[in-house]
2 protein chains.
Amino acid sequence: MDWSIQEVARLAGTTSRTLRHYALLGIVEPSRVGANGYRYYDEQSLVRLQRVLLLRELGLGLPAIAQVLERETDAPTALRAHLEWLRAEQGRLNRQIASVRSTIDTMEREGELMPENMFDGFDHTAYEAEVTERWGAEAYRSGDEWWSAKTAAEKKEWQDAQAGLAADWRAAAEAGLDPAGAEGQVLARRQYDWLASVPGTPRDASGGLAREYLLGLGELYVADERFAANYGGAPGAEFVRDALVAFAEASL
Amino acid sequence: MDWSIQEVARLAGTTSRTLRHYALLGIVEPSRVGANGYRYYDEQSLVRLQRVLLLRELGLGLPAIAQVLERETDAPTALRAHLEWLRAEQGRLNRQIASVRSTIDTMEREGELMPENMFDGFDHTAYEAEVTERWGAEAYRSGDEWWSAKTAAEKKEWQDAQAGLAADWRAAAEAGLDPAGAEGQVLARRQYDWLASVPGTPRDASGGLAREYLLGLGELYVADERFAANYGGAPGAEFVRDALVAFAEASL
DNA sequence: CTTGACCTTGACGTGGCGTCAACTTCTATC
DNA sequence: GATAGAAGTTGACGCCACGTCAAGGTCAAG
């Protein structure tokens, strides 16, 4: 006693296309194939199909389902692994919803929300590649959250502080001072403290700013003309880098 | 002043592949293309890219983003629509997680959880195609929830009641009684009450079981040999159907 | 014999890129 | 100026679970 593909599809609440797909993947094969190529299913294959559809409704992927059916894995184990992934998705979704809502709010308060100006002192997006590459996604994300959480006014205040520091760097560089000298080291410490005030920046074991991170930023200022512009161009950026290098050697 | 594709990718925290993809879709085009085919981006296109990446992080699709950039839609509107979809996804995920958990529990209590036997008196999965087609997804879902929420013991009890009714139907049919007679009508009312005890079954305006639903089930019993088997095969099923028709005409 | 329902295989589309592949171009070094 | 290596290009497949034509063969009923 068997049924045609269409009958099985209607009984199981699915489509004939799906049944052919499962047959192609070897997940549920027809019990019999007529000389004309027609597929016929018996009760056993129907039960198998029911199991597949059950697991599918729970969101399991077909390869995982195939494994379960082949007894390489038992269902609860597979489902528990699946549950992990579902929870991760849930977290991601919740965060994304929060982001979208706050973005809508911000846009309505401040107009079309230009993305933060790329070179506004500390742009996390621009940093992302470098930061995540060297320090992991976690560091970038917490830094970005910190920055995103600021109000526009707070951001401006922070940027102004940054602009003041940059102006001092420029002045020192243009005065032809020694990066390793007293003035340069004072500025380097201010830069260090300034960077250290940002939560999420990479730290060393004792909680201080990671040495590599500080040096990396120095190189970045030199390598990227847009950052260099903050410090009066290439010569200024080199001055900053050299001062940071000296500072790192002397104090870290 | 412009940058190569690789530089832009690193600055924006994305990849050159993505930039080419966006150029292909016309979402972010390079400001200049060299005679050698190389792409170069200026600050303006960078800003545009920033906006795109911002919206992408929020989960917007590229077509939607393109619309926003072309000013056919403003960002908050697009984001609100997107938020709807995100919430729907969230609901789906939450339900799925609940299902997975309860399935794991059930499996651990009762072994590998054969999917409910397809013909165990009232299989919702087998019904799904018909039920949703005629009565909408809502009816199916609430009926299924009701069934799924039962414990194994409750299910068995319910099935036993069903089996008793079916046995009575068989006896009546085999005795050659008149479907429209007193016996048949008593059984029809029992069947009616039994079906009406299931929350989510289709109702008419006065809250009674929908006439069409009852008649549809009668036809189903006849049309499907597996259901018919419950009532003693085709003759029994026809008896049930006829009794239900008479009952509907007399009492509904 | 026709009609129409049902079956077959084959192949493209979905979303947003990742990832080769095969080839050209630029840049730096010897 | 030869050469290596980094960076650029286009083209095309892969992912995931099917939906959706397309083109044509099969079967039961009238």
Side-chain angles (χ1 to χ4, degrees), chain A residues 2-41 49 51-69 82 85-86 89 92-93 96 128-129 132-133 223, chain B residues 2-41 49 52-69 78 82 85-86 89 92 96 129 223:
Chain A
D2 46 19
W3 303 274
S4 75
I5 195 170
Q6 203 72 262
E7 289 170 336
V8 170
R10 298 181 47 167
L11 285 169
T14 182
T15 70
S16 60
R17 177 66 178 87
T18 297
L19 290 172
R20 272 193 289 272
H21 189 57
Y22 290 172
L24 185 66
L25 300 188
I27 292 180
V28 180
E29 315 226 32
S31 59
R32 183 167 74 81
V33 177
N36 50 17
Y38 284 26
R39 294 170 172 81
Y40 297 96
Y41 296 79
L49 175 60
R51 299 196 62 196
V52 170
L53 292 177
L54 170 66
L55 294 174
R56 265 264 57 192
E57 274 179 52
L58 298 179
L60 244 76
L62 294 185
I65 292 176
Q67 270 202 355
V68 171
L69 291 179
H82 181 49
W85 142 267
L86 285 178
E89 276 297 286
R92 212 178 49 74
L93 245 185
Q96 204 168 59
E128 180 169 16
T132 59
E133 189 176 327
Chain B
D2 45 22
W3 303 275
S4 75
I5 195 170
Q6 203 71 262
E7 289 169 338
V8 169
R10 298 182 47 167
L11 285 168
T14 182
T15 70
S16 61
R17 177 67 179 86
T18 297
L19 290 172
R20 274 193 288 271
H21 189 57
Y22 290 171
L24 184 66
L25 300 187
I27 292 180
V28 180
E29 316 227 31
S31 59
R32 185 168 71 80
V33 177
N36 49 17
Y38 281 29
R39 296 169 170 82
Y40 296 97
Y41 296 79
L49 176 60
V52 171
L53 293 177
L54 170 66
L55 294 174
R56 263 265 58 195
E57 275 179 51
L58 298 179
L60 244 74
L62 294 185
I65 292 176
Q67 271 202 353
V68 171
L69 292 179
H82 180 50
W85 143 265
L86 285 178
E89 275 298 286
R92 212 178 50 72
Q96 203 167 62

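What's counted below: heavy atoms across the whole structure, side chains too, no hydrogens, waters or symmetry copies. Order of the sequence lines fixes the chain letters, A, B, ..., with proteins taken first and strands second; residue numbering starts at 1 for each chain.
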**Q** Quick one: list whatever passes side-chain hydrogen bond (donor to acceptor under 3.5 Å, both in side chains) with T15(A), sequence neighbours left out.
**A**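 side-chain hydrogen bond (donor to acceptor under 3.5 Å, both in side chains) list for T15(A), sorted by chain: T18(A).
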**Q** Tell me, please, the opening and closing nucleotides of DNA chain C, 5' to 3', among those with an atom under 4.0 angstrom from a non-hydrogen atom of chain A.
**A**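 Nucleotide range in contact with chain A: dC6(C) to dA11(C).
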**Q** Output every pair passing side-chain hydrogen bond (donor to acceptor under 3.5 Å, both in side chains) with a member in residues 19-28 of chain A, not counting sequence neighbours, ordered by first then second residue.
**A**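 Applying side-chain hydrogen bond (donor to acceptor under 3.5 Å, both in side chains) to every pair that reaches into residues 19-28 of chain A, excluding sequence neighbours, yields nothing.
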**Q** Please identify each residue that fulfils salt bridge (charged side-chain N to carboxylate O under 4.0 Å, His left out) with R17(A), with sequence neighbours left out.
**A**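 None.
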**Q** Quick one: closest heavy-atom pair of V8(B) and W3(B), and the distance?
**A**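 Shortest heavy-atom separation between V8(B) and W3(B) comes out as CG2-CB, 3.7 Å.
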**Q** Identify, with sequence neighbours excluded, every residue that meets side-chain hydrogen bond (donor to acceptor under 3.5 Å, both in side chains) alongside E89(A).
**A**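 Only R92(A) meet the side-chain hydrogen bond (donor to acceptor under 3.5 Å, both in side chains) criterion with E89(A).
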**Q** Which residues satisfy the salt bridge (charged side-chain N to carboxylate O under 4.0 Å, His left out) test with E29(A), sequence neighbours excluded?
**A**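 Checked E29(A) against salt bridge (charged side-chain N to carboxylate O under 4.0 Å, His left out); zero matches.
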**Q** Using the salt bridge (charged side-chain N to carboxylate O under 4.0 Å, His left out) criterion, which residues pair with E7(A)? Sequence neighbours excluded.
**A**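 With neighbours one apart ignored, the set is empty.
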**Q** Which nucleotide span of DNA chain D, 5' end to 3' end, has atoms closer than 4.0 Å to non-hydrogen atoms of chain A?
**A**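 Under 4.0 Å from chain A, the extent on DNA chain D is dA17(D) to dC27(D).
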**Q** Name all residues meeting the side-chain hydrogen bond (donor to acceptor under 3.5 Å, both in side chains) criterion together with Q96(B); count only those two or more places apart in sequence or in a different chain, and write none if there are none.
**A**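 Partners of Q96(B) by the side-chain hydrogen bond (donor to acceptor under 3.5 Å, both in side chains) criterion come out as none, since no residue qualifies.
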**Q** Considering only heavy atoms, which members of residues 17-38 of chain A lie under 4.0 Å from some atom of DNA chain D?
**A**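 R17(A), T18(A), H21(A), Y22(A), N36(A), Y38(A), in order of number.
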**Q** Minimum heavy-atom separation for S16(A) to I5(A), with atom names?
**A**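 Heavy atoms only, the tightest pair is O-CD1, 3.7 Å.
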**Q** Nearest-nucleotide wise, let me know which of R56(B) and Y40(B) is further upstream toward the 5' end of DNA chain C.
**A**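 On the 5' side of the pair lies R56(B).
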**Q** Taking five pairs at each end of the helix from dC1(C)-dG30(D) to dC30(C)-dG1(D), what angle separates the two helix axes (nearest 10°)?
**A**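 Helix axis angle between the two ends: 30°.
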**Q** Does S4(B) reach a base, just sugar-phosphate, or nothing at all? Heavy atoms under 4.0 Å.
**A**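 S4(B): backbone/sugar contact only, no base atoms under 4.0 Å.
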**Q** I'd like to know whether L19(B) forms a side chain to side chain contact (heavy atoms under 4.5 Å, CB included) with L49(B), so could you lay out the CA-CA distance, the side-chain angles of the two residues, the decisive distance to 0.1 Å, and finally the verdict.
**A** CA-CA 9 Å; L19(B) 290 172; L49(B) 176 60; 3.6 Å; yes
**Q** Keeping the roles fixed (side chain from H82(B), backbone from L58(B)), state whether a donor-acceptor pair exists under 3.5 Å.
**A**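 Here the side-chain-to-backbone pair exists.
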**Q** For the residue pair V52(A) and I65(A), what are the closest heavy atoms and their distance?
**A**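 Between these two residues, the closest heavy atoms are O-CD1, 3.8 Å.
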**Q** Taking side chain to side chain contact (heavy atoms under 4.5 Å, CB included) as the definition, give me every residue that meets it alongside A23(A), ordered by chain and number, with sequence neighbours left out.
**A**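 A23(A) satisfies side chain to side chain contact (heavy atoms under 4.5 Å, CB included) with P30(A), R39(A) only.
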